Amino acid sequence: MKFLHLADLHLGKRVNEFSMLEDQKEILRQILSITDEEKPDGMLIAGDIYDKPVPPQEAVQLFDEFLYQLSERKRTGGGALQVFIISGNHDSAERIAFGSRLMDRTGIHLSPVYNGTVQPFCMQDRYGDVRVFLLPFIKPGNVRAAFPEEAEEIVSYTDAVRTAVRHMDVNASDRNVIVTHQFVTGAVRSESEEISVGGLDNVDASVFQAFDYVALGHIHGPQTIGRESVRYSGTPLKYSFSEVKQQKSVSIVELLAKGTVRIRTRELVPVHEMREIRGSYAELTARQNYAGTQVQDYLHITLTDETDIPDAIGKLRTIYPNLMKLDYDNQRTRMHQSLELKDKTEHRSPLELFREFYKRQNNQEMSEEQRNFMKEMIESIWENES
C-alpha cells in the first residue's frame, strides 16, 4: 500500500505581507504531477489546510480545485485515489468537516469534528487490511468533553491524545495508519509555527506505539521523531527565514507486510526560493554582484553600512522586487540592548518567562505576593485555553 503524505499547506498565507497564493498554486500543481508519477493508493493531508479559521475565498477556491483534481486520479490497481484530510490548529474543524459524508463517495475523506469516535477507513492489498484513522488537532478540553467520566485523568496534551487513541478500534494484527496534527516532543520547530510556552502542548511519541505509520502535521520542517515511521512531512513551501536551509518535499510511504515500512521523499521546487544575503548597500546594488542571480527570490537582506540608507528598502526593491525583510548589522545594532531571553521559550514555564521579563524590565525580582498572583492568573488562563 502506497501513500503520499503532506501537511501544513497554509493556503491563503501571507509572509511579511507578501501573498503566497500564486506560489501555492504552483506547488499544488507539482504535487499533482508527483501523484501522477507515483500513483499512490492514498494521500494523507495532515492538517493546517488553511492559514486562518476563516480563509479568504481565493484559498478556498484553490483547495476546491485541488480536491477536484485529486478526485479524478486513479489508484494503480484501479479505483479512485483515496484522500484523507484532517483539520489542524489553524483550521476551523467545522468548516473542514463540511460535506464530508457526501465527499466520502468520491474518495475524499474529511475528518469530522472530534466527538470521541474515530472510525477507521479500511483499505486492502495483497498483504491484508490497512486501517486509516483520522485524528484532527485536539486539546485536552475536547477530549474531556467527549469522555467526562475520565476528565480528571486528562490534564496534558499527552493525556488527551493517549485517551483518544485508547478509544480507537486499533487491531494489532492489521497495519494501522494515523493522520494527526500535534506537537510531538522532540520535534524541531520553525519561527512560522505557533509556539506554546513551557511545552504545554507537547505529546509524547509513545502514545502512537500501536500505529505502523504516523502521518504528522504541525511542524514545518520535515523530520522523524523517535522512529522512521513517526514523521512530519513539513510544509510544501518555506514560510519563514528560519526555514531557508530546509529542502521541502512530500513523503512517499510504502506499507508492505506487517512491520515493514519504506519511506522516501520527493523534492518540491518553489517558484521563488527564500534566501538571506548581506553586504553594504554599495555591494548589493553593484550590477556585477547581482547580475545573473535570482533577484526575484524572496529575500532577507542585512545591510552592513554603519549609517542608515534613506529609503533603503524602496531603493533595493528596484533590483530585488521580492525583498521581504531588511535589517542592519553594524556597531550600533550590535550594541543595542534587547529583552531577548536566553533559552527557547518552549522549554520554560509561563511563570519563569514572566519572572525573567519582570526582572529585566524593573531591575528587581517579583515579590512573593506578585508571584502567587501571576501563578493563579496563568493557571486560570491555561484552564480556559485547554
Side-chain angles (χ1 to χ4, degrees), residues 4-11 13-20 22-24 26-28 30-31 34 46-48 51 88 90 181 183-195 199 215-228 230-252 263-279 283-284 289-290 292-304 316 319-329 333-334 338 340-347:
L4 191 154
H5 169 202
L6 65 148
D8 298 277
L9 305 180
H10 287 278
L11 300 180
K13 187 174 182 64
R14 299 182 71 86
V15 179
N16 295 299
E17 300 309 312
F18 281 71
S19 171
M20 303 300 289
E22 291 303 315
D23 302 73
Q24 291 169 336
E26 167 57 22
I27 219 68
L28 291 182
Q30 286 187 36
I31 292 170
I34 292 172
D48 279 358
D51 193 54
H90 279 252
H181 190 96
F183 173 42
V184 178
T185 305
V188 179
R189 294 189 188 261
S190 302
E191 290 178 358
S192 53
E193 299 146 6
E194 291 186 355
I195 294 178
L216 292 168
H218 191 39
I219 300 302
H220 290 186
Q223 58 193 283
T224 57
I225 308 295
R227 55 185 167 103
E228 282 295 307
V230 180
R231 181 169 180 79
Y232 286 103
S233 63
T235 55
L237 288 169
K238 297 174 184 178
Y239 290 137
S240 77
F241 286 102
S242 65
E243 302 171 43
V244 291
K245 294 183 180 179
Q246 295 177 5
Q247 174 58 61
K248 299 301 186 178
S249 61
V250 294
S251 301
I252 308 298
I263 303 168
R264 54 190 169 87
T265 58
R266 291 289 304 268
E267 293 184 358
L268 299 170
V269 181
V271 176
H272 303 102
E273 188 53 89
M274 188 173 275
R275 295 190 293 122
E276 295 180 301
I277 59 176
R278 60 183 288 128
E283 291 169 338
L284 296 179
N289 291 333
Y290 67 78
T293 68
Q294 298 298 319
V295 294
Q296 300 288 331
D297 285 349
Y298 293 129
L299 295 177
H300 171 200
I301 290 180
T302 301
L303 290 177
T304 56
L316 287 168
I319 299 170
Y320 309 100
N322 293 319
L323 168 58
M324 283 186 164
K325 184 178 179 182
L326 178 66
D327 286 330
Y328 282 87
D329 181 15
T333 59
R334 287 192 291 271
S338 71
E340 290 181 2
L341 302 178
K342 294 179 181 179
D343 299 326
K344 290 186 176 180
T345 58
E346 60 262 40
H347 300 309

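Source: prediction; values computed, not measured. Hydrogens, waters and symmetry mates play no part in the numbers below; they use all other heavy atoms, side chains included.
No donor-acceptor pair under 3.5 Å is formed between the side chain of Asp48 and the backbone N or O of His10. A donor-acceptor pair is defined here as one N or O able to donate and one able to accept, closer than 3.5 Å; no such pair exists between the side chain of Tyr239 and the backbone of Met20. Within the 3.5 Å criterion, the main-chain N or O of Glu283 finds a donor-acceptor partner in the side chain of Asn289. Of the possible donor and acceptor atoms, one in the side chain of Asp8 sits under 3.5 Å from a partner among the backbone N and O of His218. A distance-only check finds no donor-acceptor pair linking the side chain of Ser251 to the backbone of Ser233 [under 3.5 Å].
Here Arg14 pairs with Glu17, Ser19 under the side-chain contact (heavy atoms from CB on, under 4.5 Å) rule; sequence neighbours left out. Partners of Asp297 under the salt bridge (Lys or Arg N to Asp or Glu O under 4.0 Å) rule, at least two apart in sequence or in another chain, are Arg275. For Ala215, the side-chain contact (heavy atoms from CB on, under 4.5 Å) partners at least two apart in sequence or on another chain are His5, Leu44, Val179, Tyr213.
None of Leu284, Leu316, Ile277 except one satisfies the side-chain contact (heavy atoms from CB on, under 4.5 Å) rule with Leu299; the exception is Ile277.
In Gln247, the CD atom is crowded: over 12 heavy atoms of neighbouring residues, nucleotides or ligands sit closer than 6.0 Å. Within 6.0 Å of the CD atom in Glu273, the count of heavy atoms belonging to other residues, nucleotides or ligands exceeds 12.
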Just do the side-chain contact (heavy atoms from CB on, under 4.5 Å) check on Val15 and Met274 with the steps written out, would you?
CA-CA 11 Å; Val15 179; Met274 188 173 275; 4.3 Å; yes
Under the criterion side-chain contact (heavy atoms from CB on, under 4.5 Å), I'd like the reasoning laid out for Lys238 against Tyr298: C-alpha separation, chi angles, the key distance, then a yes or no.
CA-CA 10 Å; Lys238 297 174 184 178; Tyr298 293 129; over 6 Å; no
How far apart are the C-alpha atoms of Gln24 and Leu9, what are their side-chain angles, what is the distance that settles it, and do they pass the side-chain contact (heavy atoms from CB on, under 4.5 Å) test?
CA-CA 8 Å; Gln24 291 169 336; Leu9 305 180; over 6 Å; no
Take Glu243 and Thr235 through the side-chain contact (heavy atoms from CB on, under 4.5 Å) test and state the conclusion after the steps.
CA-CA 10 Å; Glu243 302 171 43; Thr235 55; 3.6 Å; yes
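Between Tyr290 and Tyr320, the ring-plane angle classifies as perpendicular under the 30° and 60° cut-offs.
Note that NZ of Lys13 and CG of Asp23 are 13.0 Å apart. Values are rounded to the nearest 0.5 Å. Expressed to the nearest 0.5 Å, how far OH of Tyr328 lies from CD1 of Ile301 amounts to 11.0 Å. Residue Ser249 holds its OG atom at 11.0 Å from CZ of Arg266, rounded to the nearest 0.5 Å. For the atom pair CG (Leu4) and CD1 (Ile34), the distance works out to 7.0 Å, reported to the nearest 0.5 Å. One distance of note links CG of Leu323 with NE2 of His300; it measures 9.0 Å at 0.5 Å rounding. Residue Leu303 holds its CG atom at 5.0 Å from CG of Leu326, rounded to the nearest 0.5 Å.
Gln223 approaches Ile225 most closely through the heavy-atom pair OE1-CD1, 3.9 Å. For the pair Phe241 and Asn16, the tightest heavy-atom approach, listed with the atom from each and the gap, is CE1-ND2, 3.8 Å.
In this structure, Glu22 and Val271 have side chains that are not in contact, with every pair of non-hydrogen atoms separated by 4.5 Å or more. Val250 has its side chain out of reach of Thr265: every pair of non-hydrogen atoms, C-beta onward, lies at least 4.5 Å apart. The closest side-chain heavy-atom distance from Pro222 to Gln246 is below 4.5 Å.
A salt bridge is absent between Glu276 and Lys325: the closest approach of a Lys/Arg side-chain nitrogen to an acidic carboxylate oxygen does not fall below 4.0 angstrom.
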